[in-house]
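Chain naming here is simple, since letters A, B, ... match the order of the sequence lines and numbering starts at 1 in each.
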4 protein chains.
Amino acid sequence: MTAVVACAKSGKKGQQPRLRADALRNRERLIAAARETMVEFGPEVPLDEIARRAGVGNATLYRHFADRPELIHHVTLSVMSRTADRAESALAEESDAFQALRRFVHAAVEERIGALCPLLSDGVDRDHPDLIAARERLEAAVEAVMGAARDSGQLRTDIAVGDLMVAITQLTRPLPGNSCTNFDQFVHRHLQLFLDGLQAPARSELPGAAATLDDLRRRS
Amino acid sequence: MTAVVACAKSGKKGQQPRLRADALRNRERLIAAARETMVEFGPEVPLDEIARRAGVGNATLYRHFADRPELIHHVTLSVMSRTADRAESALAEESDAFQALRRFVHAAVEERIGALCPLLSDGVDRDHPDLIAARERLEAAVEAVMGAARDSGQLRTDIAVGDLMVAITQLTRPLPGNSCTNFDQFVHRHLQLFLDGLQAPARSELPGAAATLDDLRRRS
Amino acid sequence: MTAVVACAKSGKKGQQPRLRADALRNRERLIAAARETMVEFGPEVPLDEIARRAGVGNATLYRHFADRPELIHHVTLSVMSRTADRAESALAEESDAFQALRRFVHAAVEERIGALCPLLSDGVDRDHPDLIAARERLEAAVEAVMGAARDSGQLRTDIAVGDLMVAITQLTRPLPGNSCTNFDQFVHRHLQLFLDGLQAPARSELPGAAATLDDLRRRS
Amino acid sequence: MTAVVACAKSGKKGQQPRLRADALRNRERLIAAARETMVEFGPEVPLDEIARRAGVGNATLYRHFADRPELIHHVTLSVMSRTADRAESALAEESDAFQALRRFVHAAVEERIGALCPLLSDGVDRDHPDLIAARERLEAAVEAVMGAARDSGQLRTDIAVGDLMVAITQLTRPLPGNSCTNFDQFVHRHLQLFLDGLQAPARSELPGAAATLDDLRRRS
DNA sequence: AATGAATGAGGGTTCATTCAT
DNA sequence: AATGAATGAACCCTCATTCAT
């Protein structure tokens with residue numbers, strides 16, 4: 001009763017060392033499971049638990065990602081990409097420029113961008129080409145949102161993308177442990193307060209200098 | 001036989017088991033080392049490393065604190081107490097009420113209040129009498145600062161102590177790993193932006209409800 | 001160690017998680033090594049030593065048995081099962097009923113039934129279904145031997161299975177430490193003396209009440 | 001190095017350092033506490049617990065006994081001495097010789113002679129002069145009881161003191177763990193059965209050879 | 001390619017023993 | 001002499017990673 005299933009894929013031409021369909025599915029499941037479990041249990045969650053959530057054996061995880069940093073690398077790419085999507089759609093779909101910024105900031109919570117912070121700071125290779133590309137795309141998307149708000153005169157002019165991203169990353173970071181049931185309620189309050197601080201006119205003079213995402217790579 | 005039991009010391013209030021001088025010194029070294037290493041490496045830092053930093057053997061740590069939660073408990077008390085000190089001196093020494101608030105918020109960074117966040121959420125006993133007392137003292141001190149600013153018409157009226165404390169805790173949380181050399185530079189920018197958002201008049205309506213520190217115990 | 005999928009295997013009764021051949025071999029080696037080392041060094045023998053004896057890494061032991069109680073549980077099952085075997089073959093192969101009892105008692109030494117005593121009394125779950133089943137099988141097998149001897153008029157009538165099992169367990173318990181080279185020589189003498197005390201007619205009146213194995217679970 | 005038994009009476013002249021009265025009291029408290037806690041929790045009980053029970057600091061224990069084996073040595077002497085007392089009074093106070101043996105055997109339970117077994121087998125120096133003396137006294141006392149029973153024709157002739165002592169030691173050994181609430185009830189049943197096996201005429205031929213206490217030292 | 005199993009290194013904790021008061 | 005405190009070694013157990021099926 002062992003019907004031949006996947007082998008019948010003749011006709012597929014792979015100009016690259018293409019992943020088999022099931023392997024690709026596993027890979028994406030693993031990244032999704034890693035994002036969720038790291039948000040839920042912290043970045044130190046056992047890799048076996050991630051594999052279990054993804055419904056694959058632990059060795060399969062290692063076939064796809066050599067070690068934890070590499071897995072984190074790909075989770076980071078995933079989160080950055082989805083966050084850039086949010087920025088783009090916020091800009092496209094909101095008529096008011098500052099309202100687009102508000103929408104983006106609150107939407108970033110759902111993408112668990114707060115999980116990025118633990119992820120970025122470990123032993124990750126911050127100069128990896130894919131990461132640079134993802135960072136540039138994210139920066140461009142967020143800069144577009146901020147630029148529109150700035151151009152409309154509603155956003156103070158002494159801040160840059162890095163300032164915004166670090167702040168919302170910090171404000172949305174999950175608490176260690178897992179007890180944060182109603183925590184999101186606070187998060188949105190704090191984001192709102194922070195957004196109020198971003199509005200023009202500036203109510204105080206900021207210390208330090210405006211930061212881009214690229215600055216974060218080197219500085220923090 | 002000159003056996004005079006130590007607790008029979010007269011005059012002094014001896015409700016404590018009377019630590020020997022060197023033991024007390026070790027105890028305080030351990031708490032300080034724990035605060036610093038947890039800020040630097042996260043709350044999962046090996047206890048052996050904390051003991052090493054404190055310059056004592058690992059078992060000495062266990063003599064003073066039965067396990068990690070108990071150590072965290074005492075670090076939390078220490079941070080809360082020192083932070084309350086900061087609030088009190090800010091209020092006492094600044095003539096302008098909102099300026100006192102600004103000073104307190106920026107000073108809290110030095111007390112590593114960001115370390116409180118990981119500490120509060122773990123398996124700590126949030127109802128411990130000492131913790132309740134520390135919380136009440138901290139809340140009173142911060143409320144005094146905020147109340148003065150509110151009374152002077154400079155602080156928006158829709159926020160409470162819990163909102164402030166959680167936000168600055170999150171904004172000042174250290175990055176995992178240890179690479180955060182220039183990170184403080186950003187922290188003070190973000191706190192400044194957040195403070196600008198706190199100023200009256202309120203620029204937007206906040207979601208959720210104002211929170212006290214006691215709410216945090218139950219909610220988050 | 002609960003496989004979810006493997007049960008779908010057809011034909012064979014697959015209530016077990018389907019261990020791989022080498023894993024099953026390791027598991028049995030571990031139980032054997034545990035029985036021997038616990039007999040030799042007592043029930044507190046380091047688990048690392050057991051793993052070493054079994055020729056596997058320490059973590060392999062933990063893969064199979066979550067902790068010491070679980071390992072002890074399985075050692076107990078093993079000893080009980082093998083002891084029941086002894087009772088059954090003694091009854092089947094000896095023509096004289098009391099001689100069957102003698103043979104069983106002396107044979108139990110070789111099965112290290114003395115190891116059962118330390119094992120039964122610790123933090124083991126005495127109500128585990130497997131243990132109940134093993135206890136019932138052992139009780140039935142020993143009761144068959146005793147019943148035959150009783151029916152033949154050679155065994156005193158005021159004792160039950162629990163009395164016999166506890167006594168031989170105690171008499172055959174290994175000495176702590178490891179010096180018991182010639183100890184078995186004494187053991188067989190004492191068992192013989194005890195068996196003489198079991199013969200009918202009873203030479204004295206016994207205190208207390210006859211005990212089944214189930215009584216031991218609750219009483220001792 | 002050891003102070004001889006505490007009964008350093010006047011005849012012995014002070015070749016020993018002459019313990020102060022309170023030190024002597026501590027020493028005896030420690031031995032008593034050790035006997036009790038080892039019976040209750042097994043011979044591996046933490047020395048700190050013994051010191052706590054004795055109401056002294058842990059270092060005081062070490063002042064009196066260099067290490068665990070030395071403490072065990074003295075506990076053993078104590079138990080042997082008290083057991084010899086029991087043999088002597090049984091012989092003196094019972095008119096029937098075999099009844100004196102029964103009384104001694106059941107009385108030995110109260111002296112926790114079963115705790116001797118773990119104690120004897122560890123790293124104890126079995127050739128220590130004090131231990132030899134205690135052994136000889138115990139052997140003489142028990143041999144007197146057995147001899148009387150033998151002479152009266154009620155005790156089988158193929159057993160010696162070692163056989164009896166080992167058997168009752170084993171039969172009365174406490175179970176590891178501490179759950180043995182009603183265990184004594186069984187102990188007396190088994191001792192009674194064993195005593196029945198000791199009665200003349202012998203009902204079977206014993207394997208091995210009769211053992212003295214001195215044999216145990218070398219053989220087991 | 002996928003997986004269950006194996007493993008060594010490392011952290012948490014206890015405890016026998018030594019040290020300083 | 002007595003004691004509270006300190007300590008390192010050893011044990012239990014987990015987990016990232018590798019191996020064999």
Quick one: [X] [atom1] to [N] [atom2], roughly how many Å, whole number?
X     : N      : atom1 : atom2 : result
C/L30 : E/dT7  : CG    : C1'   : 13 Å
A/E49 : F/dT14 : CD    : C1'   : 14 Å
D/R29 : F/dA2  : CZ    : C1'   : 13 Å
C/F65 : F/dC12 : CZ    : P     : 15 Å
C/I72 : F/dC12 : CD1   : P     : 11 Å
C/I50 : F/dC12 : CD1   : C1'   : 12 Å
D/N26 : F/dT3  : CG    : C1'   : 11 Å
C/L61 : E/dT7  : CG    : P     : 11 Å

Rounded to the nearest 0.5 Å, what's the gap from [atom1] on [X] to [atom2] on [Y]? Could you check?
X     : Y     : atom1 : atom2 : result
B/R25 : B/L30 : CZ    : CG    : 11.5 Å
B/D67 : B/Y62 : CG    : OH    : 8.0 Å
A/M38 : A/R68 : CE    : CZ    : 5.0 Å
C/R27 : C/L61 : CZ    : CG    : 10.5 Å

Is any side-chain heavy atom of [X] closer than 4.5 Å to a side-chain heavy atom of [Y]?
X     : Y     : value
D/L77 : D/H74 : yes
B/R29 : B/N26 : yes
D/H64 : D/I31 : no

Worksheet item: Do any side-chain nitrogens or oxygens of B/T60 fall under 4.0 Å of OP1 or OP2 in F/dA5?
Response: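 Checking F/dA5 against B/T60, no side-chain N or O comes under 4.0 Å of OP1 or OP2.
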
message: Using OP1 and OP2 only, check whether a side-chain N or O of B/H64 sits under 4.0 Å from F/dA5.
response: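 No, because none of the side-chain N or O atoms of B/H64 sits under 4.0 Å from OP1 or OP2 of F/dA5.
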
> How far apart are the C-alpha atoms of B/V39 and B/E36, what are their side-chain angles, what is the distance that settles it, and do they pass the side-chain contact (heavy atoms from CB on, under 4.5 Å) test?
Replying inline: CA-CA 5 Å; B/V39 163; B/E36 287 161 22; 5.8 Å; no

A correct 5'-to-3' footprint of nucleotides 13-20 of chain E, with B, S and - meaning base, sugar-phosphate only and no protein heavy atom under 4.0 Å, is BBBSBBB-

Atom pairs and distances, donor-acceptor, side-chain atoms in residues 45-53 of chain C, under 3.5 Å, two or more places apart:
| from | atom 1 | to | atom 2 | distance (Å) |
| --- | --- | --- | --- | --- |
| C/E49 | OE1 | C/R52 | NE | 3.3 |
| C/E49 | OE2 | C/R52 | NH2 | 3.0 |
| C/R53 | NH2 | C/E40 | OE1 | 2.9 |

Subject >> Watson-Crick or G-U stems of DNA chain E, 3 or more pairs, under 3.5 Å, by first number >> reply: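 Output for stems: E:2-21 with F:2-21.
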
If you find the nucleotide of DNA chain F closest to D/G57 and the one closest to B/G57, which residue's nucleotide is nearer the 5' end?
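Mapping each residue to its closest nucleotide by heavy atoms, the 5'-most match is D/G57.
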
